[in-house]
Amino acid sequence: MKKCHGFSKRLVICLSLPLYLVVFIFSLPPFSFFPSPFLSLSVLSLPLPLRFFSFSPPSLFLSLSVLSLSLAPLSLFLPPLSLSLSLSPPPPPLPLPLFPVVVLYTQGVETKQWREFGRTEVIDNTLDPDFVRKYILDYFFEEKQNLRFDVYDIDSKSPDLAKHDFLGQVFCTLGEIVGSPASRLEKPLGGILGKKCGTIILSAEELGNCREVATMQFCAHKLDKKDFFGKSDPFMVFYRSNEDGTCTICHKTEVVKNTLNPVWQAISIPVRALCNGDFDRTIKAEVYDWDRDGSHDFIGEFTTSYRDLSRGQSQFNVYEVVNAKKKFKKKRYINSGTVTLLSFTVESEHTFLDYIKGGTQIHFTVAIDFTASNGNPSQSTSLHYMNPYQMNAYAMALKAVGEIIQDYDSDKMFPALGFGAKLPPDGQVSHEFPLNGNIENPYCNGMEGILQAYHQSLKTVQLYGPTNFAPVVNHVAKYAAAVQDGSQYFVLLIITDGVISDMAQTKEAIVNAAKLPMSIIIVGVGQAEFDAMVELDGDDIRISSRGKLAERDIVQFVPFRDYMDRTGNHVLSMARLAKDVLAEIPEQLILYMKSRGIKPCLLPPLNEEPGPEDQDHAQTTPV
């Protein structure tokens, strides 16, 4: 699955994921003139504006809420506050009122600088403040979106936060919030040495207006004949008009060969992509005659709107296809045919976040190439060389992808495998050995655990060969086959340096895995030619084995060298890599769920005890 140029499947994914973020804070100690037991201040709804700057943004709808605050006593030398609190149990003498505000910051990928994106309004003199501001936040599965929440007690009208009392802060990623059970994340506030600052609870909810998908079918009648030896091979391209007068492509139909009266298959387009929520916005459709060399002949065009299309099949949805050049040259020109809307339906589709919020866990497994073509790890020319000052390409690729995916796995324990090495003590070649050396328990604790196991393996195994992928693909597929109810989805990351040795077996393994809840990411490191890897990536031609086509396109291949920043900024290189290799995972997950008719689960309330039918994580993840 290649880098996106212009409109792509990745853009469709990116355009369809708004969220509603709610934040609760509770258990912070209250201000007082005298030492006293901690008291509770009940607060609700601290909404907070959040915006991210990025291309093709989807949007998140956020509301920040604080459940309760109890703040530690402060000394007599604090500036006086104008309001006392009504607390229970009865407060000590002269309690100081709190005027809490929460400030949200986001972090740039390149500069790593924190930028304020908004703060809540200040709520005063109440135990139950209710904030109503709502904000739109862009969410991208394939990006690590760092957030920071700072809590202050406001002492004056000054917008300068340095003039107010700092009460604590918390760091997290947007993926952590989304990937938590029921998209609800609880973390302790910190930032003040030696002091318990309280707890913050963040909850994310997807906006409903991005879920609608319009399904339409068109036919045409008496289109212009364009082919000398035949009729025409017509197809249509749909564009959404933009406010600046430009147009953005949003769909292209299939080509119907050798006919002037084509009937195209039904097409499904997200309403957001079709009109961006403006039902009267112009939608342009162009009709072409397909040519093998890519120089497609323009037949004509027509315009409509979502509001008109929503009327369905009627006299209002029969459109004349007009070629402006022909109309200008020929006085008796009428049209170049007509296009008729045969059917129109709208339905709300389940999204990636519906499944994540419903409890679907994404299980991550890594497989690392230990073949001899990587070079001796003790030499600086090796792709496995452990430079004490910077990560090698294997470590960077692993960290770039793993740090994002780990947010969607609740226990952060990941199987890590190696292939193509001779193992001690007998020197037997293995293509699926655990990096930590423990066959019974190959799990590593988070990304740091995987990196430690990888470094340790380089000291104990002998790099050998050949480069076989099929064993690790089948290894993960075995566990994916055992859990096909939508509760779990498996992602295998293969990092390799060379030409694959078992292409036929790997193709067969991928075709079989395409029926399972599973995706495969292949990252090529080094300067080798990766032509065979491109064949496994089924963007242009769906992969097949023994005459059987893969049910879905589940493989994404990229060479890491294409993402290396010329200035040597490895953080930027890793962010670019992760953005491309992970962009299609949400769509692949959705396609699997739809193909099996699996709907998102409705989780029980958070305080409900798990039932006996709940299975242990270790029983269903790869080992």
Q: Run the numbers on H475 and L417 for side chain to side chain contact (heavy atoms under 4.5 Å, CB included), then give the verdict.
A: CA-CA 10 Å; H475 179 98; L417 308 174; 3.7 Å; yes

Q: What distance do L458 atom CG and Q462 atom CD have between them, rounded to the nearest 0.5 Å?
A: 13.0 Å

Q: Taking only residues two or more places apart in sequence, or in another chain, which ones meet E403 in a side-chain hydrogen bond (donor to acceptor under 3.5 Å, both in side chains)?
A: K144

Q: Provide the closest heavy-atom pair for A480 versus Q484 in the form atom of the first, atom of the second, distance.
A: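 Shortest heavy-atom separation between A480 and Q484 comes out as O-CG, 3.6 Å.
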
Q: Kindly determine whether V151 and L189 satisfy side chain to side chain contact (heavy atoms under 4.5 Å, CB included), including the steps that lead there.
A: CA-CA 9 Å; V151 185; L189 287 167; 4.2 Å; yes

Q: Taking atom SG of C172 and atom CG of L174, what is their separation to the nearest 0.5 Å?
A: 8.0 Å

Q: Quick check on side-chain contact (heavy atoms from CB on, under 4.5 Å): which of V523, V473, T467 does I494 satisfy it with?
A: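 Going through V523, V473, T467 one by one, the side-chain contact (heavy atoms from CB on, under 4.5 Å) with I494 is satisfied by V473 alone.
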
Q: Report the residues that fulfil side-chain hydrogen bond (donor to acceptor under 3.5 Å, both in side chains) with T173, sequence neighbours left out, ordered by chain and then residue number.
A: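 Partners of T173 under the side-chain hydrogen bond (donor to acceptor under 3.5 Å, both in side chains) test: D407.
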
Q: Go through the structure and list residues passing side-chain hydrogen bond (donor to acceptor under 3.5 Å, both in side chains) with N474, not counting sequence neighbours.
A: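 In terms of side-chain hydrogen bond (donor to acceptor under 3.5 Å, both in side chains), with neighbours along the sequence ignored, N474 is linked to no residue.
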
Q: After noting the C-alpha distance and the side-chain angles of F557 and F530, does the key distance pass the ring-ring contact (aromatic ring centres under 6.0 Å, His included) rule?
A: CA-CA 9 Å; F557 166 74; F530 294 108; 5.5 Å; yes

Q: Assess the side chains of Y105 and N146: does a donor N or O sit below 3.5 Å from an acceptor N or O?
A: no

Q: Side chains of M574 and M391, heavy atoms from C-beta outward: is any pair under 4.5 Å?
A: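 SC-SC contact between M574 and M391 confirmed.
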
Q: Search all heavy atoms of F352 against all heavy atoms of I590 and return the closest pair with its distance.
A: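 That closest heavy-atom pairing would be N-CD1, 3.4 Å.
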
Q: Quick one: CD on Q145 to CZ on F141, what's the gap to the nearest 0.5 Å?
A: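 With rounding to 0.5 Å, CD (Q145) is 11.5 Å from CZ (F141).
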
Q: Report yes if some heavy atom in the side chain of V558 is under 4.5 Å from a heavy atom in the side chain of L577; otherwise report no.
A: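 With C-beta onward as the side chain, the pair touches.
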
Q: So for atom NZ, which belongs to K412, do other residues, nucleotides or ligands contribute more than 12 heavy atoms lying within a distance under 6.0 Å?
A: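 Yes, because the 6.0 Å sphere around NZ of K412 holds more than 12 heavy atoms from other groups.
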
Q: Report the distance from atom CZ of F419 to atom OG1 of T371, rounding to the nearest 0.5 Å.
A: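 These two atoms lie 7.0 Å from each other.
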
Q: Could you work out, with side-chain contact (heavy atoms from CB on, under 4.5 Å) as the rule, every residue matching N387, not counting sequence neighbours?
A: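 Counting only residues at least two positions away or on another chain, N387 forms a side-chain contact (heavy atoms from CB on, under 4.5 Å) with Y385, Y389, Q390.
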
Q: Does any part of the side chain of P466, heavy atoms only, come nearer than 4.5 Å to the side chain of H431, both counted from C-beta?
A: yes

Q: For the residue pair F414 and I450, establish whether any side-chain heavy-atom pair is separated by less than 4.5 Å.
A: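 F414 reaches I450 side chain to side chain.
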
Q: Counting only N and O atoms by type, is there a donor-acceptor contact under 3.5 Å from the side chain of D409 to the main-chain atoms of G179?
A: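 Side chain of D409 to backbone of G179, a donor-acceptor pair under 3.5 Å: no, none is there.
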
Q: Who are the salt bridge (charged side-chain N to carboxylate O under 4.0 Å, His left out) partners of R148, not counting sequence neighbours?
A: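 D150.
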
Q: Give a yes or no answer on whether the side chain of Q379 reaches the backbone of N376 with a donor-acceptor pair at less than 3.5 Å.
A: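 No; judged by distance alone, with no hydrogens or angles, the pair does not exist.
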
Q: Could you tell me if the side chain of Q107 sits less than 4.5 Å from the side chain of K112, heavy atoms only?
A: yes

Q: Measuring only between side-chain heavy atoms, which start at C-beta, is N468 closer than 4.5 Å to Q505?
A: no

Q: Under the rule for side-chain contact (heavy atoms from CB on, under 4.5 Å), what residues qualify as partners of N445, not counting sequence neighbours?
A: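 Checked N445 against side-chain contact (heavy atoms from CB on, under 4.5 Å); matches are M413.
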
Q: Any side-chain heavy atom of V401 within less than 4.5 Å of one from F364?
A: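 Touching, per the 4.5 Å side-chain cut-off.
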
Q: When rounded to the nearest 0.5 angstrom, what is the spacing between CG in D531 and CG in L536?
A: 11.5 Å

Q: Who are the salt bridge (charged side-chain N to carboxylate O under 4.0 Å, His left out) partners of E448, not counting sequence neighbours?
A: none

Q: According to ring-ring contact (aromatic ring centres under 6.0 Å, His included), does anything in residues 171-203 pair up with another residue at least two apart or in another chain? List the pairs.
A: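 As it turns out, the ring-ring contact (aromatic ring centres under 6.0 Å, His included) pairs with a partner in residues 171-203, which skip direct neighbours, are W114-F171.
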
Q: Among all residues two or more places apart in sequence or in another chain, which pass the ring pair (Phe, Tyr, Trp, His ring centres under 6.0 Å) test with Y355?
A: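 Ring pair (Phe, Tyr, Trp, His ring centres under 6.0 Å) check on Y355 returns nothing, list empty.
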
Q: Would a distance-only check, ignoring hydrogens and angles, find a side-chain to backbone donor-acceptor pair under 3.5 Å from S595 to Y592?
A: yes

Q: Holding to side-chain hydrogen bond (donor to acceptor under 3.5 Å, both in side chains), I want the full list of residues that pass it with Y454, two or more places apart in sequence or in another chain.
A: H384, N392

Q: S487 and Q361: side-chain donor and acceptor closer than 3.5 Å?
A: no

Q: Hey, what do you get for CD1 (I500) to CZ (F469), rounding to the nearest 0.5 Å?
A: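 Between I500 CD1 and F469 CZ, I get 5.0 Å after rounding to 0.5 Å.
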
Q: Can you give me the closest heavy-atom contact between G168 and I192, atom names plus distance?
A: N-CD1, 4.3 Å

Q: Using only atom types and a distance under 3.5 Å, with no angle test, would you say the side chain of N374 pairs donor to acceptor with the backbone of L383?
A: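 No.
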
Q: Are any of the side-chain heavy atoms of R542 and D553 separated by less than 4.5 Å?
A: yes

Q: Please answer whether the main-chain N or O of D502 pairs with a side-chain N or O of T506 as donor and acceptor at a distance below 3.5 Å.
A: yes

Q: Can a donor-acceptor pair be found, under 3.5 Å and without considering hydrogens, that links the side chain of R576 to the backbone of D562?
A: no

Q: What verdict does the salt bridge (Lys or Arg N to Asp or Glu O under 4.0 Å) test give for R596 and E551, after you've listed the backbone C-alpha separation in whole Å, the side-chain angles of each residue and the deciding distance to 0.1 Å?
A: CA-CA 12 Å; R596 299 298 183 268; E551 185 176 306; 2.8 Å; yes

Q: Assess the residue pair D369 and I495 against the criterion (side chain to side chain contact (heavy atoms under 4.5 Å, CB included)); give the C-alpha distance rounded to whole Å, side-chain angles, the decisive distance to 0.1 Å, and a yes or no.
A: CA-CA 6 Å; D369 184 338; I495 312 176; over 6 Å; no

Q: What's the shortest heavy-atom distance between P188 and V170, and which atoms?
A: O-CG2, 3.7 Å

Q: Between T106 and L147 (side chain of the first, backbone of the second, donor and acceptor by atom type, cut-off under 3.5 Å), is there such a pair?
A: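 Not a single qualifying donor-acceptor pair exists.
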
Q: Name the atoms and distances for all side-chain donor-acceptor pairs under 3.5 Å in residues 507-521, with sequence neighbours left out.
A:
from: K507; atom 1: NZ; to: E535; atom 2: OE2; distance (Å): 2.3
from: N512; atom 1: ND2; to: E508; atom 2: O; distance (Å): 3.2
from: S519; atom 1: OG; to: Y489; atom 2: OH; distance (Å): 2.6
from: S519; atom 1: OG; to: Q588; atom 2: OE1; distance (Å): 2.4

Q: Does any N or O in the side chain of R561 come within less than 3.5 Å of the main-chain N or O of G524, such that one atom is a donor and the other an acceptor?
A: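 Absent.
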
Q: Apply side chain to side chain contact (heavy atoms under 4.5 Å, CB included) to residues H350 and K599 and explain how you reach the verdict.
A: CA-CA 7 Å; H350 297 301; K599 296 182 179 181; 3.8 Å; yes

Q: List the atom of L493, the atom of A397, and the distance in Å for their closest heavy-atom pair.
A: CD2-O, 4.2 Å

Q: For D354, what residues pass the salt bridge (charged side-chain N to carboxylate O under 4.0 Å, His left out) criterion, not counting sequence neighbours?
A: R211

Q: Just checking, any donor-acceptor pair under 3.5 angstrom between side chains of D497 and S373?
A: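 Result is yes, a qualifying pair exists.
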
Q: How far apart are the closest heavy atoms of E432 and S430, and which atoms are they?
A: N-OG, 3.3 Å

